Amino acid sequence: MIKCEAPTVTNMVKALEQKGLVYRQRDEKDGRISRVYLTPEGRDLEGPVYERWRKQQDKLLAGIAPEERILLRRMMKQMEENLF
């Protein structure tokens with residue numbers, strides 16, 4: 001779950017649709033639901049985006065010991081729970 005308001009998600013999907021990266025399709029069983037899928041152009045970006053995300057994560061966590069990362073994760077999860 002991404003914990004975003006519905007209008008925020010709708011606007012993000014619209015922007016990605018306009019760029020030709022995703023498309024929506026009504027669910028066959030429940031017409032109230034729209035499924036979002038990557039287009040071939042969107043799928044082509046999947047690898048480069050993942051790689052960029054991984055490099056940023058490596059930079060962000062550089063110099064933080066594994067046990068400190070575990071503590072950081074636990075603390076951030078608690079902060080998230082405190083908000084919801």
Side-chain angles (χ1 to χ4, degrees):
M1 183 161 31
I2 57 176
K3 297 183 182 179
C4 288
E5 297 293 324
T8 302
V9 175
T10 299
N11 289 335
M12 286 190 289
V13 171
K14 279 183 185 177
L16 292 169
E17 264 185 317
Q18 289 172 349
K19 293 176 189 279
L21 301 175
V22 300
Y23 66 95
R24 288 185 249 199
Q25 192 170 33
R26 289 269 177 217
D27 186 87
E28 292 178 13
K29 295 179 182 173
D30 187 346
R32 298 170 295 175
I33 298 172
S34 287
R35 306 274 179 198
V36 179
Y37 300 95
L38 288 172
T39 63
E41 293 82 4
R43 195 157 306 285
D44 287 345
L45 290 175
E46 201 172 6
V49 167
Y50 174 80
E51 185 61 24
R52 180 170 284 185
W53 178 259
R54 190 192 59 72
K55 284 180 182 178
Q56 285 299 104
Q57 186 177 13
D58 290 347
K59 278 173 61 174
L60 181 68
L61 297 174
I64 300 175
E67 56 275 359
E68 293 173 320
R69 290 180 187 192
I70 292 169
L71 177 60
L72 175 62
R73 181 180 175 94
R74 192 176 321 134
M75 291 170 61
M76 292 181 78
K77 281 190 166 290
Q78 183 61 55
M79 290 189 307
E80 179 185 33
E81 288 176 20
N82 291 347
L83 293 174
F84 297 101

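Predicted model, so just to flag it, every value in this text is computed and none were measured. For the single chain, residues carry numbers from 1 onward in sequence order.
Contacts of Glu80 classified as side chain to side chain donor-acceptor pair (under 3.5 Å), with partners at least two apart in sequence or in another chain: Lys3. For the side chain to side chain contact (heavy atoms under 4.5 Å, CB included) test, residues two or more places apart in sequence or in another chain that qualify with Met75 are Leu71. Thr10 is linked by a side chain to side chain donor-acceptor pair (under 3.5 Å) to nothing, counting only residues two or more places apart in sequence or in another chain. With sequence neighbours excluded, the residues that form a side chain to side chain donor-acceptor pair (under 3.5 Å) with Arg26 are Ser34. Residues forming a ring pair (Phe, Tyr, Trp, His ring centres under 6.0 Å) with Tyr37 (at least two apart in sequence, or on another chain): Tyr23. With sequence neighbours left out, Arg54 forms a side chain to side chain donor-acceptor pair (under 3.5 Å) with Glu51, Asp58. Residues meeting the side chain to side chain contact (heavy atoms under 4.5 Å, CB included) test with Leu83, sequence neighbours left out: none.
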Show which side-chain atoms of residues 39-49 pair as donor or acceptor with protein atoms under 3.5 Å away, not counting sequence neighbours.
from  : atom 1 : to    : atom 2 : distance (Å)
Thr39 : OG1    : Gly20 : O      : 2.6
Thr39 : OG1    : Leu21 : O      : 3.2
Thr39 : OG1    : Glu41 : N      : 3.4
Thr39 : OG1    : Glu41 : OE1    : 3.2
Thr39 : OG1    : Gly42 : N      : 3.1
Arg43 : NH1    : Glu46 : OE1    : 3.3

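Listed by first then second residue, pairs satisfying side-chain hydrogen bond (donor to acceptor under 3.5 Å, both in side chains) with a partner in residues 61-78 read Gln78-Asn82, not counting sequence neighbours. The ring pair (Phe, Tyr, Trp, His ring centres under 6.0 Å) contacts involving residues 43-84 comprise nothing, where partners must be two or more places apart or lie in separate chains. Listed by first and then second residue, the salt bridge (Lys or Arg N to Asp or Glu O under 4.0 Å) pairs involving residues 5-25 are Glu17-Arg24 (not counting sequence neighbours).
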Step-by-step salt bridge (Lys or Arg N to Asp or Glu O under 4.0 Å) determination, Lys29 to Asp27 = CA-CA 6 Å; Lys29 295 179 182 173; Asp27 186 87; over 6 Å; no

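Rounded to the nearest 0.5 Å, atoms CD (Gln25) and CD1 (Ile33) are 13.0 Å apart.
When all heavy atoms are compared, the tightest approach of Val13 to Val22 is O-CG2, 3.9 Å.
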